[in-house]
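Presented below is the structure to which this report refers.
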There are 2 protein chains.
Amino acid sequence: MNYISEVLGVGHDQGVGFNPRMNGQRQMIRTISPNRASFGRCSACTVRSFSICGALDQSDLVEFERIARHVHLAPNEALFTAGQLAQSVHNVAAGVARLYKLLPDGRRQVVGFALPGDFLGMAPSDRYSFSADAVDSVTLCRFSREAFTHFIAQRPHFLIRINEFAARELMLAQEQMLLLGRRTAEEKVASFLVGWRKRLAHIGDERQTIALPMSRQDIADYLGLTIETVSRTLTRFEREKMLIIVAGGVRLLDPGRAAAMAAA
Amino acid sequence: MNYISEVLGVGHDQGVGFNPRMNGQRQMIRTISPNRASFGRCSACTVRSFSICGALDQSDLVEFERIARHVHLAPNEALFTAGQLAQSVHNVAAGVARLYKLLPDGRRQVVGFALPGDFLGMAPSDRYSFSADAVDSVTLCRFSREAFTHFIAQRPHFLIRINEFAARELMLAQEQMLLLGRRTAEEKVASFLVGWRKRLAHIGDERQTIALPMSRQDIADYLGLTIETVSRTLTRFEREKMLIIVAGGVRLLDPGRAAAMAAA
DNA sequence: TGGGCTGGTTGATCCAGGTCAAATTCGCCG
DNA sequence: CGGCGAATTTGACCTGGATCAACCAGCCCA
């Protein structure tokens, strides 16, 4: 069993730190954000190419920008909560959001982490079916559901793009079901690292050290494990020279071994 | 660990039988199909209202019918396999299909069961990311991906409908992640029964006995359990008078108790 | 009518990962 | 620098569900 330990409000900056385990050899890990996206101007947005907006041309973009509102969230601030009226849809511009569902007794399942470029809020009803909040400092574009629905209805190419995103999302969800239902703890942690690294690379973050802005509890709740098992497994990986644990992340020494564990 | 035990070809008719536990008091369970859909004529299709085709008007329907091919599959016949080129998309018209992913060593995760009205095959790449085959006798409408893509591109309302289906699918996937990652065996089995009953009701199958055309192994692989645990749990539910196990299904005696287990 | 095959049930035992309980370390702040 | 609360790690132990192994009931076909 595990419980919600969300503290709303401003947290401590987990994005910067140095490695305690390397005796003074500092390892800086920065917040996840492809360079520093300039906001207010969609045409200059650095995440546009890997977001749904990539399907919009200049004139669409001007229209789109008119219905967008930029929102900034401090670490652990809520984006929306399951059960609330789904009045907005969102596009993550910078930072990482945690998407999760809770059981009445507090057990939590993190159903995903949203990265820059990810689209949130396609609810099949008029209410959110999961909750979302900021892991680190998050910037997003928010659209009223109504304006958004109206906007897309005239633009089939945009609808097709959103469909592609939904299909990718669904595929990831199915991968995750396989992981949750049939993989061992070791395979889960290895798969998570490999998958997360791939997602970071996809948005242009190719540093050799994998940034892990989320807590161990978040990772545990994502993998259907306890925090102790995640910690032990990472420590074992380190002992076995597969990786080195650094502040705010992990440095993969043997990506091949990790990938092999993740595959089978 | 569990292994693939797929025998391609015609199986035994699991859709009909009588309850061995009720000493001669026969309990017929029929195949899942809302009445008997008449095929070849979309306009007379009984599952249209709860399928993506519900968004098409008469003239669209005529066009649509032109690109559809009807396919009939015997129990356990494959619909498509993960990794294959995704040349078609499908709409289930009758019967139940099992969607699953395999690990190299044979561990299997059933990621869903497709019922009449369900739409299959939105692959985010040019290859299927999961496999699908018939549980019982299945009838489907098959479309070439190319023709389908072309068809939807001109019809925003149809795209919107497909989007709604994708969003619902994604929500179900997230529910399933919560189940796989955080629920106990007892909660998993109870949730499955309640959820399955709800889906059957949605397509108009409101018999008091819940038809379970899939095998215990399928259920186990769907819930991230072993066949033994599923069997033991169902037997216990029966002992506790929550339900009665009948051939090809289960009769819920205490839906309230089941729902309570499923909820928390 | 009987034997073998398949799917399901039941029982005994085991162990991966959970639970409980301390440390230890980190980040922060005075 | 020193101290405090939160996050993480580590250790000892326990248990839910897996594994291993019969067994049983229907069904098919000879």
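Lettering follows sequence order; numbering is per chain, from 1. Being a predicted model, the structure only gives us computed values, none of them experimental. For the numbers below, each heavy atom of this structure counts, side chains included, while hydrogens, waters and symmetry mates do not.
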Per A:Arg216 side chain, nearest of listed nucleotides D:dT8, D:dT10, C:dG8 = D:dT8
inquiry  = As an exercise, state the distance from CZ of B:Arg216 to OG1 of B:Thr233, rounded to the nearest 0.5 Å.
reply    = 10.5 Å
List every contact pair, protein side and nucleotides 20-23 of chain C side both N or O, where the distance is under 3.5 Å.
from: C:dC20; atom 1: N4; to: A:Glu228; atom 2: OE2; distance (Å): 3.0

message = Does a side-chain N or O of B:Thr235 approach OP1 or OP2 of C:dT9 to a distance below 4.0 Å, or not?
response = no
ask   = Would one find a side-chain N or O of A:Ser231 under 4.0 angstrom from OP1 or OP2 of D:dT8?
value = no
ask   = Does the ring centre of A:Phe80 sit less than 6.0 Å away from the ring centre of A:Phe130?
value = yes
message = Could you measure the distance from the OG atom of B:Ser137 to the CD atom of B:Glu77? Nearest 0.5 Å is fine.
response = 9.0 Å
query = Tell me: CD of B:Glu186 to C1' of D:dA18, nearest whole Å?
reply = 18 Å
task = Between D:dT9, D:dG17, C:dG18, spot the one nearest the side chain of A:Thr226, thanks.
result = C:dG18
inquiry  = Rounded to the nearest 0.5 Å, what separates atom CZ in A:Arg108 from atom CG in A:Asp221?
reply    = 4.0 Å
message = Closest approach to the side chain of A:Ile227, judged atom by atom: which nucleotide of C:dG18, C:dT9, D:dT8 is it?
response = D:dT8
request  = Hey, could you give me the CZ/CG distance between B:Arg168 and B:Asp118, rounded to the nearest 0.5 Å?
outcome  = 6.0 Å
